[in-house]
2 protein chains.
Amino acid sequence: MVDVAKAAGVSLATVSAAVNGSAPVSAALKGRIHKAIRQVGYKTNAIARSLKTGTTSTIGLMVADITNPFFTTTIHAIQELAHRHGYGVMLCCSDEDADKERMHLRLLADRMVDGFIVASAGETPELRALVEGGRTPVVLIDRLVDGLETDAVVIDNVAATRDAVRHLAAAGHRRIGLITGRRTLSTGRERYEGYRQALEEAGIAFEPALVGSARFGADDGYKAAAKLLSLADRPTAIFACNNLSGIGLMRAIHDAGLRCPDDIAVACFDDFDWANVFHPRLTTVAQPTQAIGVQAMLLLLERLKDATARALPPRVVRLKAELRVRDSSVRPAR
Amino acid sequence: MVDVAKAAGVSLATVSAAVNGSAPVSAALKGRIHKAIRQVGYKTNAIARSLKTGTTSTIGLMVADITNPFFTTTIHAIQELAHRHGYGVMLCCSDEDADKERMHLRLLADRMVDGFIVASAGETPELRALVEGGRTPVVLIDRLVDGLETDAVVIDNVAATRDAVRHLAAAGHRRIGLITGRRTLSTGRERYEGYRQALEEAGIAFEPALVGSARFGADDGYKAAAKLLSLADRPTAIFACNNLSGIGLMRAIHDAGLRCPDDIAVACFDDFDWANVFHPRLTTVAQPTQAIGVQAMLLLLERLKDATARALPPRVVRLKAELRVRDSSVRPAR
DNA sequence: TTGTATGCGTTATCAT
DNA sequence: ATGATAACGCATACAA
């Protein structure tokens, strides 16, 4: 920039003013300056600017599983919107590991990101300090964390699961199994609650034996499902609380020599491109993944751009998920 | 940091030396300093450091489609390895749009990332300038770009496709269709070439009518597939050159009232979790997605950490993909 | 409207 | 071994 100033025969400050429009500069000088910029091949140094302004035009995005199509679409939406507003996105993945999340949170904080969007793997001192510090806005997505008062975008997991299980009950099923995710997550707890509600609503007694727990990955889901399927009086329908346990469930059904939906009805959380293609076409709870990302980024942008908005109380927006009934949950007519 | 110095009663320079180990500091002072650091709650400001050192400990990752499971796993591997080495990852997605890619490349360059990993949507002046400038290391993944001499990690697309089509031919198919991706991409060209080679090898005459083109997304794949299927003398087997066109293909088959593999055999590029679960279990070409990410990051790290390695000539590593034969490509015994 | 001077938080070069 | 001081490249308050 000093080179540009020299080449254009003006002062440093004038160049800065011309580049940022922070002060009026005569048209003549502007022309000279821009010409000089091209000549010198000047590129504004964002680092130096950051040091001076205290902002990096970068947000930190922390997700629990980047491999999950659910997060993938959300990340995409966030990234798209962020870029449109001049923000870069620094991505971190905790792999559902709270310790990793802490590390990454520190990495992001060190780099002085202007804001955070995080799908937390669990409450940590770092996360709490971050939101309580109040210096950097953070918006939670997908999962709420207890006692953390900050912006958030989640879906109504209770209603979504209730709808799905209600659908199963309406089809005549009385023994409905559940494969839950981790109860330490708000999603896990809420979906479990939705299951209970639907059961009660349908006048079906809750049976602990019918709920399996898949804390990590498809293999865990497989084991939980296999256990359910080996019950003497096995369920005639099963709802899987996430994508991965859904995969495990379908594998277990296949390996048990059972057929879906003839022998057992299935529905699961999280829709994905292929769900509609194979046999059986899978009944799913489709989250508004794109909208979640957009909403989250919008919330963050408000706090970022608008000084008065920074003082606003926490806003949590709950979006609705949609039950997509396909073949896997409805027994074919005989 | 100046506060720390004050609190510990030492000079700024000494604190810096103690923190970075850049100069010997007596144990006594070290103790005082670290205590002061905790007292003050000091956190090193990466921005200021970057301004001084000229490095950001951040790499730019540019992919064409973050929604694609292929990229997803690769991104994950890159991110993991980067973090282990103290690097942050700034993620950009071009959506297969060269113009977007240019914008994002500029965004990353402005932020002074130390290195790039890019799955390019096409050659652009920005990309060329970047590698020819030689100031920042660039490693290409998935796709090579003509005339760009830089590190790269790709797979042997010709061999992979040849293997898959050969498998189809070996099963007795003589009319084998192809749904290609964009020919402007190296992957598109190489996979097409592999198809031609397998045909020639099997003594099957090439028929232009049997190759459809799906440039963007599943819908495009659907159309291309539908056209192939409506041919008077339609193919008895089809190979889809990527995940998305595979989805379109399967939908088209279903909508045409055909059954796979009974009426038509199918194989497609890119494996994914669900491929093995539904009926028909899908025959796929599985890329070593994780290895691609690891290799790419390794290549980049070498250039980043080792001053002498920066002068090394471009290295392109070609990994092998693996054909996973499942049900969709083999006609059941009658 | 334009220029001068100063500081952002580090690291690095020199003395001491 | 430690301390004073000068950059790094930009933005801005203030003076002209």
Side-chain angles (χ1 to χ4, degrees), chain A residues 1-37 39-58 86 88 106-107 109-114 135-136 307, chain B residues 1-37 39-58 86 88 106-107 109-114 135-136 307:
Chain A
M1 190 153 170
V2 58
D3 300 330
V4 175
K6 231 173 277 175
V10 298
S11 90
L12 193 62
T14 311
V15 177
S16 177
V19 168
N20 299 313
S22 49
V25 176
S26 71
L29 275 197
K30 241 183 226 165
R32 283 230 311 274
I33 289 172
H34 281 112
K35 197 173 131 200
I37 285 180
Q39 265 179 11
V40 182
Y42 165 79
K43 303 218 29 165
T44 160
N45 182 330
I47 302 299
R49 169 180 292 165
S50 291
L51 182 57
K52 183 64 185 168
T53 62
T55 69
T56 51
S57 292
T58 298
R106 279 197 294 264
L107 180 143
D110 284 351
R111 293 213 177 22
M112 313 259 292
V113 296
D114 292 342
R135 303 184 52 79
T136 316
Chain B
M1 189 154 172
V2 59
D3 299 330
V4 175
K6 233 173 276 177
V10 297
S11 90
L12 189 62
T14 311
V15 177
S16 177
V19 169
N20 299 312
S22 49
V25 174
S26 72
L29 275 198
K30 240 183 224 161
R32 283 228 310 273
I33 289 172
H34 281 110
K35 196 173 132 201
I37 285 180
Q39 265 180 12
V40 181
Y42 166 78
K43 303 219 32 167
T44 159
N45 182 328
I47 302 298
R49 170 180 292 167
S50 290
L51 180 58
K52 187 62 185 164
T53 63
T55 70
T56 51
S57 292
T58 297
R106 279 197 294 263
L107 181 144
D110 283 351
R111 296 220 177 12
M112 315 259 293
V113 296
D114 292 342
R135 302 183 52 79
T136 315

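Heavy atoms only: backbone and side chains are in, while hydrogens, waters and symmetry mates are out. Everything numeric in this text was worked out from a predicted model, so none of it was measured.
- With sequence neighbours excluded, the residues satisfying side-chain hydrogen bond (donor to acceptor under 3.5 Å, both in side chains) with A/Asp114 are A/Thr56.
- To the nearest 0.5 Å, the span separating CE on A/Met1 from CG on A/Leu12 amounts to 5.5 Å.
- Separating the CE atom in A/Met112 from the CG atom in B/Asn45 is a distance of 4.0 Å, to the nearest 0.5 Å.
- Rounding to the nearest 0.5 Å gives a distance of 8.0 Å between OG of B/Ser26 and CD1 of B/Ile33.
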Report summary line: Heavy-atom contacts, protein to nucleotides 3-16 of chain C, under 4.0 Å, summarised as B (base), S (sugar-phosphate only) or - (none) per nt, yield BB--BBBBBB----
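- Map B/Pro24 and A/Ala17 each onto its nearest nucleotide of DNA chain D; the residue landing nearer the 5' end is B/Pro24.
- Taking the side chain as every heavy atom from C-beta outward, B/Arg49 and B/Thr55 never approach each other to under 4.5 Å.
- You'll find the side chain of A/Val4 stays beyond 4.5 Å of the side chain of A/Val19, heavy atoms only.
- Between A/Ile47 and A/Ser50 the shortest side-chain heavy-atom distance does not fall below 4.5 Å.
- Remark: A/Arg111 pairs with B/Thr58 by the side-chain hydrogen bond (donor to acceptor under 3.5 Å, both in side chains) rule, at least two apart or across chains.
- D/dT12 and D/dA16 are spaced 16 Å apart, taking the C1' atom of each and rounding to whole Å.
- Taking every nucleotide of DNA chain D with any atom under 4.0 Å from a non-hydrogen atom of chain A, the first and last of them, 5' to 3', are D/dG9 to D/dT12.
- Under the salt bridge (Lys or Arg N to Asp or Glu O under 4.0 Å) criterion, no residue pair touches residues 23-35 of chain A, with sequence neighbours excluded.
- Taking a pair as Watson-Crick or G-U with both hydrogen-bonding distances under 3.5 Å, the stems of three or more pairs touching DNA chain D are C:3-16 with D:1-14.
- Taking CG of A/Leu29 as the start and NE2 of A/His34 as the end, the distance is 11.5 Å to the nearest 0.5 Å.
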